[in-house]
Amino acid sequence: MYKLIAFKAVDYPDRCKMFIEGHRQVLESIGVKKVTSANDSWAQNPDVIVVIVESSEDGLIYGGARIHKANSESPLPMVEAIQDLDSSIKDVIEQDLDSGTGEVCGLWNSRVITGLGIGAIFMVKACLALAPKLGLTSLYALFAPTTVKLGLEIGYEVLTEVGNNGTFYYPKLDLIATAMKLHDVIGLPLTAEEHREPIFQIRNNKSLIIEEVYRKRHVTLQYTSFLE
């Protein structure tokens, strides 16, 4: 059994350390030595929620993602990542500060759970479910080419007003990232129905067993939220 756990970063420093190490290993496996969202300063940020996949047997973390709430003091990882490539990203996000916006970032999963059919989709959906707990009405994210389709399925739209129609060479010159925005994280009107139901299940429960079919595999996850 694998557990999908949500918590405030500042409340669980040991889990954050394991998240950071796991993310670093995954990045290095694809030749990325440094990426802005992989630093560890977020672990002291009270406006960061972490979602992890944890083994119930040994407590090891096999994947994770984070939600960062934007504010005037702490730039979103997305801004830090691409502002040197297109400074307008800062102005775009600042327009949403008053209504509450943030970013899903730091998404990673080990090959261990990929082989079991547990992919990034579960962590992304948990982030969408939990975003309103941070007072967010919209969300930004940077997607790799292989996950842009997933972004569209869960309700994101390409942020064409920045970069080259939303794309950037990031985190290195032979990799492309696409900037995307989910405009309504409360109602999720553009989210595919197959994803909306589990998102609202998670949103309305602090603990439940999630059973889904993913790539023709039946997946069971025990979801637990340590959020107020």
Side-chain angles (χ1 to χ4, degrees), residues 2 4-6 23 26 37 48-53 63-70 76-78 81 92-93 96 99-109 113-114 116-163 165-168 170 176-205 208 210-221 223 225 227:
Y2 287 88
L4 192 66
I5 300 174
H23 192 196
V26 169
S37 66
V48 173
I49 289 176
V50 184
V51 176
I52 57 171
V53 174
R66 308 192 310 270
I67 318 167
H68 286 231
K69 181 178 182 178
L76 291 180
M78 184 176 180
V92 169
I93 291 175
D96 290 332
S99 58
T101 194
E103 177 185 356
V104 174
C105 62
L107 178 65
W108 65 276
N109 60 273
I113 59 171
T114 300
L116 296 173
I118 303 173
I121 179 64
F122 298 104
M123 290 169 282
V124 171
K125 287 194 285 190
C127 286
L128 266 59
L130 296 165
K133 290 186 178 296
L134 276 174
L136 308 183
T137 61
S138 63
L139 277 172
Y140 289 85
L142 286 174
F143 285 83
T146 55
T147 56
V148 169
K149 183 175 181 290
L150 168 63
L152 295 171
E153 287 179 0
I154 60 176
Y156 278 86
E157 297 175 88
V158 177
L159 199 63
T160 56
E161 59 262 49
V162 297
N165 284 320
T167 63
F168 298 85
Y170 178 82
I176 294 176
T178 299
M180 302 181 76
K181 179 182 179 182
L182 200 158
H183 292 262
D184 181 2
V185 78
I186 307 297
L188 301 172
L190 300 181
T191 303
E193 193 57 41
E194 65 181 293
H195 300 317
R196 289 182 87 252
E197 184 177 348
I199 288 172
F200 283 106
Q201 274 188 316
I202 294 172
R203 186 172 291 178
N204 295 327
N205 293 276
L208 74 158
I210 305 169
E211 297 190 30
E212 297 192 66
V213 178
Y214 178 65
R215 293 181 178 174
K216 299 182 179 179
R217 297 187 184 196
H218 289 269
V219 180
T220 301
L221 288 170
Y223 170 74
S225 172
L227 303 172

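For the single chain, residues carry numbers from 1 onward in sequence order. These numbers come from the heavy atoms of this one structure, side chains and all, not from hydrogens, waters or symmetry mates. Just so we're clear, the structure is a prediction, and the values are computed from it rather than from any experiment.
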A.B. asks: If a pair satisfies salt bridge (Lys or Arg N to Asp or Glu O under 4.0 Å) and one of its residues is in residues 124-135, list it, with sequence neighbours excluded.
C.D. replies: Lys125-Glu212
A.B. asks: In Å, rounded to the nearest 0.5 Å, how long is the span from CE of Met78 to CG of Leu139?
C.D. replies: 11.0 Å
A.B. asks: Looking only at heavy atoms, what is the nearest atom pair of His23 and Gly106, with distance?
C.D. replies: CE1-CA, 3.6 Å
A.B. asks: Can you name the closest pair of heavy atoms from Arg196 and Leu188 and give their distance?
C.D. replies: NE-O, 3.1 Å
A.B. asks: Scan for salt bridge (Lys or Arg N to Asp or Glu O under 4.0 Å) pairs involving residues 176-189, sequence neighbours excluded, and state none if there are none.
C.D. replies: Asp96-Lys181
A.B. asks: CG of Leu136 to OG1 of Thr101: how many Å apart, nearest 0.5 Å?
C.D. replies: 6.5 Å
A.B. asks: Compile the donor-acceptor pairs under 3.5 Å between side chains in residues 151-162 and protein atoms, sequence neighbours left out, one pair per line.
C.D. replies:
unit_1: Glu153; atom_1: OE1; unit_2: His195; atom_2: NE2; d: 3.4
unit_1: Glu153; atom_1: OE2; unit_2: Lys149; atom_2: NZ; d: 2.7

A.B. asks: Check the surroundings of atom CD in Gln201: do more than 12 heavy atoms from other residues, nucleotides or ligands lie under 6.0 Å from it?
C.D. replies: yes
A.B. asks: Apply side-chain contact (heavy atoms from CB on, under 4.5 Å) to Ile93 and Tyr140, showing your working.
C.D. replies: CA-CA 8 Å; Ile93 291 175; Tyr140 289 85; 3.8 Å; yes
A.B. asks: Examine distances only and state if a side-chain atom of Arg203 and a backbone atom of Leu128 form a donor-acceptor pair shorter than 3.5 Å.
C.D. replies: yes
A.B. asks: Atom SG in Cys105, atom NE2 in His68: separation rounded to 0.5 Å?
C.D. replies: 3.5 Å
A.B. asks: So which atom in Leu4 and which in Ala126 form the shortest heavy-atom distance, rounded to 0.1 Å?
C.D. replies: CD2-CB, 4.0 Å
A.B. asks: Say you draw a straight line from CG of Leu130 to CD1 of Ile49; how long is it, rounded to the nearest 0.5 Å?
C.D. replies: 5.5 Å
A.B. asks: Would you check if the side chain of Thr178 reaches a backbone N or O of Gly166 as a donor-acceptor pair within less than 3.5 Å?
C.D. replies: no
A.B. asks: So which heavy atom on Gly187 is nearest to which on Phe200, and how close?
C.D. replies: O-CZ, 4.1 Å
A.B. asks: Looking at every non-hydrogen atom in both residues, tell me the closest pair between Leu107 and Ala120 and how far apart they are.
C.D. replies: CD2-CB, 3.6 Å
A.B. asks: Supply the atom-to-atom distance Ile5 CD1 to Leu221 CG, rounded to the nearest 0.5 angstrom.
C.D. replies: 10.5 Å
A.B. asks: Measuring from Thr137:OG1 to His183:NE2, what's the distance to the nearest 0.5 Å?
C.D. replies: 11.0 Å
A.B. asks: Can you name the nearest heavy-atom pair linking Ile67 to Cys127, along with the distance?
C.D. replies: CD1-O, 3.4 Å
A.B. asks: Taking side chain as C-beta onward, heavy atoms only, is Pro132 less than 4.5 Å from Ile186?
C.D. replies: yes
